[in-house]
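Notes for the one structure printed next.
Side-chain atoms are counted along with the backbone in the values below, which use heavy atoms only and exclude waters and symmetry mates. FYI, the numbering just counts along the sequence from 1.
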Amino acid sequence: MKKYAWTLAVVLGLIAVCGCAAHKECCGTGPATAAPAAKAAPGELVLLPVPRSLNVKGGRAALWNRQRVSITGVSEASVGSWTDHLRGILDQVGCTPGADAGTPYAVELKRDAQAMPHPQGYLLSISKDGIDVVGADEPGLFYAMATLTQIARQSAGTGSLPCLHIEDWPDFPNRGIMLDVARDKVPEMASLYALVNQMAEWKFNQLQLYTEHTFAYRNHHTVWDDASPMTATQIRALDAYCKERHIELVPNQNSFGHMGRWLQHPEYKHLGEMPDGGSEDLCPVDPGSIALLEDMYTDMLPNFSSKQVNVGCDETWSLGKGRSKEACEKEGVGRVYLGFITKIHDLVAAQGRTMQFWGDIIMQHPELIPQVPKGVIAMEWGYEAKHPFLQHGKKFAESGIPFYVVPGTSTWNSLAGRTDNAVANLRNAAENGAANGAIGYLVTDWGDGGHWQFLPASYLGFAYGAAMSWASASNKDISITHALDVLVFQDAAGVMGKLAFDLGNAYQKCGVMPGNNSIFYLLLSHSIENKLPGELTPKGLQDTIAYIDNVMASLPNAKMAVPDAELIRHEFDFTARLMRFACKLGTARLEAGNVPTSQAPADKRHALAAEFAPMIPEFRQLWLARNRSGGLKDSAGRFEALLAILAK
């Protein structure tokens with residue numbers, strides 16, 4: 001196979017002729033490399049997101065061993081990076097032997113907001129004469145290249161590309177992922193960079209790292225000392241990496257509720273709504289609460305180039321039940337809440353930031369929504385299939401409050417996910433968010449209950465969320481399993497997409513589906529000593545084991561080409577074994593009369609302990625493959641507490 005060598009010819013005279021910031025050309029011959037990957041069936045093209053308009057014209061464009069690349073309308077400083085990007089894409093494809101006579105194959109990339117009037121939109125045409133890429137702006141050009149990357153990967157080594165024409169632009173201007181790095185996983189930088197690369201190909205443009213105590217605040221070492229936090233240097237490096245890929249790294253620091261990791265320490269206990277315990281909320285009427293937040297923001301925010309910040313303020317369950325009781329009785333709980341988030345708004349506005357906040361508490365006081373400070377962005381979150389995105393979004397829209405819809409991957413509290421719930425939840429958010437004019441769509445991946453799910457379990461939710469937030473009409477009925485095989489797991493055997501999808505539906509097989517939870521988590525953590533749901537039966541649990549066995553039978557057949565293929569295989573295998581173990585534990589408890597774990601027959605408890613004990617160090621090993629050690633003690637400690645009960 002012939003390969004390309006690229007040379008760059010700077011034609012400065014064309015800058016003035018074209019009237020654009022830069023116009024440079026390159027042509028040449030040389031080397032190409034093609035990584036092995038899963039390919040779509042002959043004649044099939046798999047793209048994620050699916051473009052809103054895709055016309056596959058038939059036939060293929062043979063790439064010659066000489067190309068003439070023209071790049072116009074971008075800054076002169078960026079021409080080299082655009083050239084390298086194009087070279088990397090086309091090198092995968094190679095060239096057609098013998099196609100080296102005549103005029104070089106033309107590749108034109110230009111920024112033209114008149115030809116493509118939709119922000120972030122692009123046109124992509126591939127013909128036998130050349131490739132034409134038009135972007136409304138630089139993000140649009142970048143997204144065109146993301147699409148071309150997926151096309152090229154599926155044509156790797158063929159020396160040709162399918163002839164087609166694409167017109168594409170997003171439904172939502174802001175499309176992102178929020179990763180929980182507070183409970184309890186803080187990813188290694190390599191893991192974060194890998195996720196950002198995948199996000200860029202899926203056309204996400206925002207990343208948030210949900211933080212409670214896992215930023216290395218200069219004045220608050222006690223809070224993060226054992227948490228392996230993100231440092232200021234690491235945030236700056238990640239911010240720059242994201243920015244190069246047209247992704248905005250938005251700071252996310254909870255600032256009202258969920259402050260238990262701070263309030264558990266003597267230095268901060270006095271700032272709590274209930275200093276003697278029972279609450280994770282800051283006291284909104286204590287001036288020290290705002291003083292603490294001001295110090296935190298002053299330290300954290302300058303490390304981000306984003307002019308936004310998500311300050312959280314969700315689930316303030318103890319508000320009005322402790323030190324703010326008198327104020328709440330006098331003014332009302334809603335007005336005290338509004339007063340506190342208004343003070344937070346003033347803090348972040350003074351630093352030139354736009355405030356995002358979770359919308360659940362203000363939604364309980366709809367009469368106050370119009371009084372939310374102007375310019376603040378509400379984050380309308382909900383994680384069940386039928387969450388009222390339509391009704392809640394309408395309330396924000398009618399009050400003139402810009403808002404995002406915030407669905408989730410449904411992987412937390414589940415082990416392998418809740419696939420059907422996730423798909424319905426993600427679709428609901430996209431369709432009803434667009435109906436009410438939402439300005440953003442954020443896919444959350446939480447870490448409740450020890451963050452026992454592994455990252456690949458969330459790929460399905462990330463991928464489908466990317467598709468629905470980009471162009472819901474074109475993507476709502478896609479084969480997400482096939483897209484995962486071709487574009488994510490790169491599984492030539494076509495196994496992993498379906499395996500991830502089906503294993504994520506195991507939560508339904510026992511007939512008991514607790515909201516925002518799964519029977520596996522009830523058995524392993526949340527209901528260790530409590531009675532199990534009355535509808536749960538030994539037969540239902542045995543049916544679940546049989547289902548898991550059937551799903552996992554195909555794992556040895558997977559042929560993934562991604563660098564972490566063996567790790568992914570191990571993560572799914574461990575997850576399935578943990579799910580089976582939970583079912584065995586539940587069966588032992590039910591057969592003994594639905595008893596607490598500690599009261600199950602000793603012989604069965606000890607047999608389960610013998611099975612479970614070696615799984616804990618295995619879990620630790622898998623955790624450390626992608627994540628830092630901070631938080632592992634807490635997460636694995638939940639398993640160790642269960643083991644102690646079983647071994648007693």
Side-chain angles (χ1 to χ4, degrees), residues 18-21 45 47-57 70-75 78 82 85-86 89 107-127 131-151 164-177 199-207 242-243 245-248 250 308 377 393 397 402-405 426-427 429-443 463-478:
C18 297
C20 60
L45 186 62
L47 300 175
L48 188 96
V50 175
R52 64 180 61 244
S53 174
L54 168 61
N55 179 13
V56 179
K57 298 183 176 182
S70 173
I71 302 175
T72 63
V74 301
S75 65
S78 70
W82 286 113
H85 198 165
L86 274 170
I89 293 170
V107 181
E108 182 175 359
L109 184 150
K110 66 179 179 179
R111 176 178 176 174
D112 187 342
Q114 290 185 325
M116 167 45 69
H118 300 280
Q120 303 182 43
Y122 67 92
L123 306 172
L124 173 61
S125 294
I126 302 174
S127 71
I131 300 172
D132 291 318
V133 179
V134 178
D137 41 34
E138 290 211 13
L141 288 174
F142 187 82
Y143 300 140
M145 301 288 268
T147 300
L148 186 58
T149 295
Q150 294 183 352
I151 296 169
L164 52 76
H165 179 73
I166 291 173
E167 298 183 12
D168 203 15
W169 61 88
D171 288 345
F172 295 91
N174 302 287
R175 307 166 305 281
I177 286 175
M199 289 176 63
E201 186 173 311
W202 289 338
K203 303 181 176 68
F204 279 119
N205 63 359
Q206 190 174 122
L207 172 62
C242 287
K243 201 169 184 178
R245 290 153 181 80
H246 294 275
I247 293 173
E248 179 184 5
V250 175
Q308 302 188 82
I377 299 171
F403 71 99
Y404 285 30
V405 284
L426 292 160
R427 179 184 295 183
E431 293 177 345
N432 289 305
N436 280 309
I439 66 168
Y441 182 107
L442 185 69
V443 183
Y464 191 65
M468 290 302 293
S469 65
W470 180 265
S472 63
S474 301
N475 287 276
K476 63 182 179 180
D477 296 321
I478 61 171

Item checked: Distance, nearest 0.5 Å, that separates CD1 of I151 from CD1 of I89 -> 9.5 Å

Notebook entry, point to check: Going through the distances and angles, do S127 and K57 end up as a side-chain hydrogen bond (donor to acceptor under 3.5 Å, both in side chains)?
Noted result: CA-CA 9 Å; S127 71; K57 298 183 176 182; over 6 Å; no

Next item on the list: Check the pair D477 / R427 against side-chain contact (heavy atoms from CB on, under 4.5 Å), numbers first and verdict last.
Entry: CA-CA 10 Å; D477 296 321; R427 179 184 295 183; 3.5 Å; yes

Margin query: With rounding to the nearest 0.5 angstrom, report the OH to CG distance, Y464 to N475.
Written below: 8.0 Å

Checklist line | Note, L124 side chain near I131 side chain (heavy atom, < 4.5 Å) | finding: yes

Margin query: On a heavy-atom basis, which atom in K476 and which in E431 lie closest, and how many Å separate them?
Written below: CD-OE2, 3.6 Å

Next item on the list: Could you tell me the separation between the CD1 atom of I166 and the CG atom of L54, rounded to the nearest 0.5 Å?
Entry: 5.0 Å

Notebook entry, point to check: Can you tell if the side chain of Q308 reaches within under 4.5 Å of the side chain of I377, non-hydrogen atoms only?
Noted result: yes

Note to self: For a side-chain contact (heavy atoms from CB on, under 4.5 Å) check, start with the C-alpha distance between E108 and I71, then their side-chain angles and the critical distance, and finish with the verdict.
What the structure shows: CA-CA 6 Å; E108 182 175 359; I71 302 175; over 6 Å; no

Note to self: Minimum heavy-atom separation for P49 and A467, please, with both atom names.
What the structure shows: CB-CA, 3.8 Å

Margin query: Has N432 got a side-chain atom pairing as donor or acceptor with G393's backbone, closer than 3.5 angstrom?
Written below: no

Checklist line | Mutual orientation of the aromatic rings belonging to F204 and W202 [parallel < 30°, tilted 30-60°, perpendicular > 60°] | finding: perpendicular

Next item on the list: Dump the intermediate steps for side-chain contact (heavy atoms from CB on, under 4.5 Å) on Y404 and I439, then the final yes or no.
Entry: CA-CA 6 Å; Y404 285 30; I439 66 168; 3.7 Å; yes

Check: Side chains of E167 and H165: donor-acceptor distance under 3.5 Å anywhere?
Finding: yes

Note to self: Tell me the closest heavy-atom pair linking Q120 and N205, and the distance in Å.
What the structure shows: OE1-ND2, 3.5 Å

Margin query: side-chain contact (heavy atoms from CB on, under 4.5 Å), that's the test. Do W470 and V50 meet it? Break it down for me.
Written below: CA-CA 9 Å; W470 180 265; V50 175; over 6 Å; no

Item checked: Check: G465 main-chain N/O paired with S469 side-chain donor or acceptor under 3.5 Å -> yes

Notebook entry, point to check: Can you name the side chain to side chain donor-acceptor pair (under 3.5 Å) partners of Q150, sequence neighbours left out?
Noted result: E201

Notebook entry, point to check: Of the non-hydrogen atoms in P117 and Q114, which two are nearest, and what is the gap between them?
Noted result: CD-O, 4.0 Å

Item checked: Donor-acceptor contact below 3.5 Å, side chain Y441 vs main chain A466 -> no

Next item on the list: Could you tell me whether D171 and R52 make a salt bridge, using a distance below 4.0 angstrom between a side-chain N and a carboxylate O?
Entry: yes

Note to self: Contact between I478 and L48 at the side-chain level, heavy atoms closer than 4.5 Å - yes or no?
What the structure shows: yes

Item checked: Least distance between heavy atoms, P170 atom then G121 atom -> CD-N, 4.5 Å

Next item on the list: For residues S75 and E138, report the shortest heavy-atom separation together with the two atoms involved.
Entry: N-OE2, 3.8 Å

Next item on the list: Report yes if some heavy atom in the side chain of L45 is under 4.5 Å from a heavy atom in the side chain of L47; otherwise report no.
Entry: yes

Notebook entry, point to check: Can you check whether Q206 reaches I247 side chain to side chain, under 4.5 Å on heavy atoms?
Noted result: no

Notebook entry, point to check: Can you check whether M145 reaches Y122 side chain to side chain, under 4.5 Å on heavy atoms?
Noted result: no

Next item on the list: Look at the rings of W82 and F142 and say which category their plane angle falls in: under 30° parallel, 30 to 60° tilted, over 60° perpendicular.
Entry: perpendicular

Notebook entry, point to check: What distance do L123 atom CG and K110 atom NZ have between them, rounded to the nearest 0.5 Å?
Noted result: 9.0 Å

Margin query: When you compare the side chain of V107 with that of L86, does any pair of heavy atoms fall below 4.5 Å?
Written below: yes

Notebook entry, point to check: Aromatic ring centroids of Y143 and W169 under 6.0 Å?
Noted result: no

Note to self: Just so I know, are the side chains of L109 and V134 near enough to count as touching, which here means a heavy-atom distance under 4.5 Å?
What the structure shows: no

